[in-house]
Asker: 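Below: one structure in structure tokens.
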Amino acid sequence: MQGSAALSGLNDTQRGAVLHSEGPLLVLAGAGSGKTRVITHRIAHLVRELQVAPWQILAVTFSNKAASEMRHRVGELLGAQAADLWLGTFHRTGLRMLRSFGQHGGLASGFTIYDRDDQKKMLKRAMAALNISDQRLKPKVVANFIDRAKNQLKGPDAVTSRDPTSALCAQVYSRYEADMKIAGAVDFGDLLMRPVQILQAEPTLMQMWSGRFKYILVDEFQDTNHAQMQLLQLLSSEHRNLCVVGDDDQSIYSWRGADVSNILDFPKRFEGARVVKLERNYRSTAQILAASGAIVSQNASRHAKTLWTDQKDGSPVHLHGSNTDLDEARWVVGRIGEARVAEPLSEMAIFYRTNSQSRVLEDALRSARIPYVVIGGLRFYDRAEVKDGLGYLKLVVNPDDTAAWLRVVNTPRRGIGKKLVERVADFAAIKQISMPEAARQLSVVKESFRGQKHLKAFTELMAQMRADVATKSADTAGVMILRHSGLIDALSQDPSIEAESRLDNLNQLVSALTDYTENHADTSLGGYLEQVSLVTDIDKLDKTVDAVSLMTMHAAKGLEFNQTFVCGLERNLMPHGNIDDEAGIEEERRLLYVAMTRARKRMYLTYARRRQRFNEVLTQTISPFLAAIPRDAMVRTGQQHQGWGAPVRGPSSRKQAWARAAQKEQKTNPPRTSEEVAIQRGPVGPFLPGSRARHVSFGEGEVLAREGHGKLARVTIRFHRVGVKKVLARFLQAL
DNA sequence: TCTAGATTCATTTTT
DNA sequence: TGAATCTAGA
């Protein structure tokens, strides 16, 4: 067994965790200590050496990104056998279980999953029905309330309402649940809460499912919430082989209900649990470890631990101050320009606290013609036209899908306006039926009303589609539905530039459908929709593309790069401005810690004295967190901003000050000449900024930016004939 | 019912 | 700032 693949390349502690066979196991794994390695090798060991059937192993991760990464790595160790593992996010696991036994909880067999948007629609409807104005109570507040409740495994009857707001929320919650049931839909919270509730209520099912998984492994355990913990406890109750891996210092999702005590109290909750600590860091240099460790050690509530490494020689961490956010961006881009001589761009990343910070950085990268990819920026499936298209598909699959019906009933315009929709809503409320069903019934009632014809036409259109695609696979069905929906016609007739790109997006939806049909055993439309509803992003970071990665600090978790830039380290941004309690501050510290521990070789921390936000310019001071970093681990460059004065008062004077500073910067940092730009332009993959390409219908142009990967890649191009447009990479030919 | 123009609103993080 | 929602007038 010594020489087996499952054990190779592990240190003693890691090997101990991999070889631990029976009983609960907690692996406290510091950043970069090889925790994913422990999980993947442990799975390989179980299958290869202990002859555990892959389907008896459940491996859960927190995000899609982590799941696909793990699938990939297990695949390398196990080959084809990896396909039979239950490996996925908590939500996907919950969904798989509900598909199997959801009817025990009164779920319709073909239930639909509602995303945040659909949920909001339903909440608005519920509130309207209860005569609660959305001024008094924001749907978003209710959505958060319901999410929190479900994470706590509390149904509408179980929530306690101490104040008037939560009493209202509880009222809406009740109504919302009823409406969701009629619509045959569940939300994200249900995917966790319902399996737990059903298992608790059904001893037979409980026996079956707890017997099924001999081994359970959980990654990023510090980010689990109550419902997830409960699910794990139920599923592991028979075999008790629950192995959880996590780092309390990297808990950054408490706002989503994550409960750090799950990891802190694990040994108490699971008697006889073995605890393994991984403290050797294989990722970063000593300087990076010292700096990041200094930050997180400021926190009072944590397990004391010290990461160590034997990578003694490294360059010090840099802290660079700029006058403005523009300068900061330019400085970062300048460093990237220098570094790319020796380091591929794919090994560099820029992290920031809020998504809105990416804009200045993107602008600077674009003007320096450095290719970049924004991770988790705008999402394909969030685009309006894509949602419209999906709306039709959903309504075909689930005829009671109220949210989908609301979305597509008048898109494209077919004379079914607000008045008519309200009428349908009222009828649905009285009859206790879904809105699509109400529309069907109304369209054939005797006493005619204005717009009934339109309603009837739409109802018949949907019925026709349903009949047409009943036996078809997802791709064929999708194409038929989109064609008959009128979406494509409406967009084709629209001469605007945006319409063109929307049409592209619909084409892209079709290729996603084709892709799905080719690669999945379940080729049904329902299967596709299910998959789509849980994929929120392009999951995998594609390092084969030579481009700098930009992402939020949250999105950075679990990734690593040779060189990183952590930007915007100012008070009110890091820690973020609307955090007021100590627990929140500690979480912000952990977030910074996560961001800082992503770097292997070089790390640059940056801040700017003035930062533009909305239409005002904020004068900021350096993040108080940074004071903790020992001097010998860090080099300071740029503006020192000692004794920064009081903020300049009044928006207009701020603006002038900012403009003056920007002007001054222009002089000291003149724009690059075209020669410099040309030198910087290295060998880059297809359709990266600076290259030229030809589009099927727009002709030739110059690539400005690129986003997304693979089939979903989109490219912004300045065409010679038609100006700047965003198009699909698939429709381009490199020149 | 539809459209364009006005107005408001929120920007922390996401399955 | 820019997206989302609202409103007035056609």
Side-chain angles (χ1 to χ4, degrees), chain A residues 60-67 88-95 113-117 119-121 124 134-135 138-141 143-144 147 150-151 186-193 220 223-225 227-228 250-258 325 351-360 363 375-379 381-384 409-422 450-451 454 494 498 532-537 539 551-557 568 572-579 584 587-588 590-592 594-595 611-618 651 655:
Chain A
V60 216
T61 63
F62 191 65
S63 70
N64 287 310
K65 199 163 63 189
T89 62
F90 273 103
H91 289 85
R92 181 165 289 283
T93 307
L95 172 64
I113 301 160
Y114 276 8
D115 63 11
R116 238 355 213 222
D117 227 50
Q119 191 185 26
K120 220 170 112 194
K121 274 206 181 77
K124 276 190 172 170
D134 49 9
Q135 298 293 348
K138 297 261 182 301
K140 205 175 147 188
V141 173
N144 287 333
D147 261 12
K150 289 187 174 174
N151 285 339
V186 299
D187 59 26
F188 286 136
D190 285 323
L191 296 178
L192 301 174
M193 177 176 78
E220 306 283 10
D223 287 323
T224 50
N225 61 37
Q228 291 163 333
Q250 295 188 62
S251 159
I252 54 175
Y253 284 99
S254 72
W255 51 275
R256 246 176 73 185
D325 48 355
F351 306 135
Y352 37 78
R353 178 68 238 267
T354 69
N355 274 314
S356 57
Q357 286 169 258
S358 77
R359 266 229 350 250
V360 227
D363 288 346
I375 310 290
L378 25 73
R379 292 174 206 142
Y381 287 110
D382 278 350
R383 290 165 203 271
V409 68
N410 205 30
T411 314
R413 314 243 173 252
R414 44 173 76 89
I416 303 174
K418 215 168 143 192
K419 273 264 168 60
L420 213 42
V421 170
E422 284 315 312
R450 195 179 164 153
H454 295 141
D494 186 337
E498 297 84 54
V532 153
S533 62
L534 290 182
V535 173
T536 51
D537 205 348
D539 294 330
M551 70 194 84
T552 65
M553 298 185 189
H554 280 88
K557 193 171 74 165
N572 289 329
L573 202 51
M574 187 74 242
H576 195 269
N578 32 357
I579 283 153
E587 179 146 321
E588 293 287 293
R590 292 194 294 267
L591 181 57
L592 179 57
V594 167
R611 183 171 297 278
Q612 183 147 35
R613 205 176 72 156
F614 315 141
N615 55 355
E616 60 175 355
V617 174
L618 304 177
K655 214 167 220 170

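Just so it is clear: chains get the letters A, B, ... in the order the sequence lines come, proteins before strands, and each one is counted from 1.
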Asker: From the list B/dT13, B/dT1, B/dT15, which nucleotide is the closest neighbour of the side chain of A/Thr552?
Answerer: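 Closest nucleotide among those given: B/dT13.
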Asker: OH of A/Tyr253 versus P of B/dT13: gap in Å, rounded?
Answerer: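 Spelled out: OH on A/Tyr253 to P on B/dT13 is 10 Å.
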Asker: Suppose we screen for salt bridge (charged side-chain N to carboxylate O under 4.0 Å, His left out). Which residues come up paired with A/Asp190, at least two apart in sequence or across chains?
Answerer: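 With neighbours one apart ignored, the set is A/Lys150, A/Arg194.
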Asker: Under 4.0 Å between any heavy atoms, over every strand shown, what does A/Arg92 touch: base, sugar-phosphate, or nothing? Just pick one.
Answerer: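 Here A/Arg92 touches no strand at all.
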Asker: Once salt bridge (charged side-chain N to carboxylate O under 4.0 Å, His left out) is applied, do any residues pair with A/Arg256, and if so which ones, sequence neighbours excluded?
Answerer: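 A/Arg256 satisfies salt bridge (charged side-chain N to carboxylate O under 4.0 Å, His left out) with no other residue.
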Asker: Just call it for A/Asn410: base, sugar-phosphate, or nothing, with non-hydrogen atoms closer than 4.0 Å on any strand.
Answerer: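 If one applies the 4.0 Å heavy-atom cut-off, A/Asn410 turns out to touch the sugar-phosphate alone, with no base involved.
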Asker: Roughly, in whole Å, what's the span from CH2 in A/Trp255 to C1' in B/dT14?
Answerer: 5 Å
Asker: Taking only the side-chain nitrogens and oxygens of A/Asn151, find out if one of them lies under 4.0 Å from OP1 or OP2 of B/dT15.
Answerer: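 Answer is no, no contact under 4.0 Å.
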Asker: Tell me which of A/Asn144 and A/Arg450 sits closer to the 5' end of DNA chain B, going by the nucleotide each one is nearest to.
Answerer: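 Closest to the 5' end, via its nearest nucleotide, is A/Arg450.
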Asker: Has A/Asp187 got a side-chain atom pairing as donor or acceptor with A/Arg116's backbone, closer than 3.5 angstrom?
Answerer: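 No; zero donor-acceptor contacts below 3.5 Å.
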Asker: Have a look at A/His576 and say if it touches a base, only the backbone sugar-phosphate, or nothing, with a 4.0 Å heavy-atom cut-off.
Answerer: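 Here A/His576 touches the backbone only, sparing every base.
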Asker: A/Asp117: which residues meet the salt bridge (charged side-chain N to carboxylate O under 4.0 Å, His left out) condition with it, sequence neighbours left out?
Answerer: A/Lys387, A/Arg407
Asker: To the nearest Å, how far apart are A/Asp147 CG and B/dT14 C1'?
Answerer: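 After rounding, the reported distance stands at 10 Å.
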Asker: For DNA chain B, whose closest nucleotide is more 5', that of A/Thr89 or that of A/Lys140?
Answerer: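 Its nearest nucleotide being more 5', the pick is A/Lys140.
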Asker: Give the rounded distance in Å between these two atoms: CG of A/Asn64 and P of B/dT14.
Answerer: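 So the two atoms are 12 Å apart, to the nearest Å.
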Asker: Tell me every residue that passes side-chain hydrogen bond (donor to acceptor under 3.5 Å, both in side chains) with A/Thr93, counting only those two or more places apart in sequence or in another chain.
Answerer: none
Asker: Specify the separation, in whole Å, of atom CG of A/Leu591 and atom P of B/dT14.
Answerer: 10 Å
Asker: How many Å lie between CZ on A/Arg256 and C1' on B/dT14, as a whole number?
Answerer: 4 Å
Asker: Using atom CE of A/Met551 as one end and atom C1' of B/dT13 as the other, report the distance to the nearest whole Å.
Answerer: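 Atom CE in A/Met551 sits about 14 Å away from atom C1' in B/dT13.
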Asker: Let's go through A/Lys419 and A/Glu422 carefully: what are the C-alpha distance in whole Å and the side-chain angles of both, what is the deciding distance for salt bridge (Lys or Arg N to Asp or Glu O under 4.0 Å) to 0.1 Å, and is it a yes or a no?
Answerer: CA-CA 5 Å; A/Lys419 273 264 168 60; A/Glu422 284 315 312; over 6 Å; no
Asker: Using the test side-chain hydrogen bond (donor to acceptor under 3.5 Å, both in side chains), find all partners of A/Asn572 that sit at least two apart in sequence or belong to another chain.
Answerer: none
Asker: Please report, rounded to the nearest Å, how far the P atom of B/dT13 is from the OH atom of A/Tyr352.
Answerer: 10 Å
Asker: What string of B, S and - do you get for nucleotides 2-10 of chain C 5' to 3' if you count protein non-hydrogen atoms under 4.0 Å?
Answerer: S--S-----
Asker: OP1 or OP2 of B/dT13 versus the side-chain N and O atoms of A/Asn355: is any pair under 4.0 Å?
Answerer: yes
Asker: Is A/Lys557 touching bases, backbone alone, or none of the nucleic acid, heavy atoms closer than 4.0 Å?
Answerer: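 The answer is nothing, as A/Lys557 stays clear of every strand by at least 4.0 Å.
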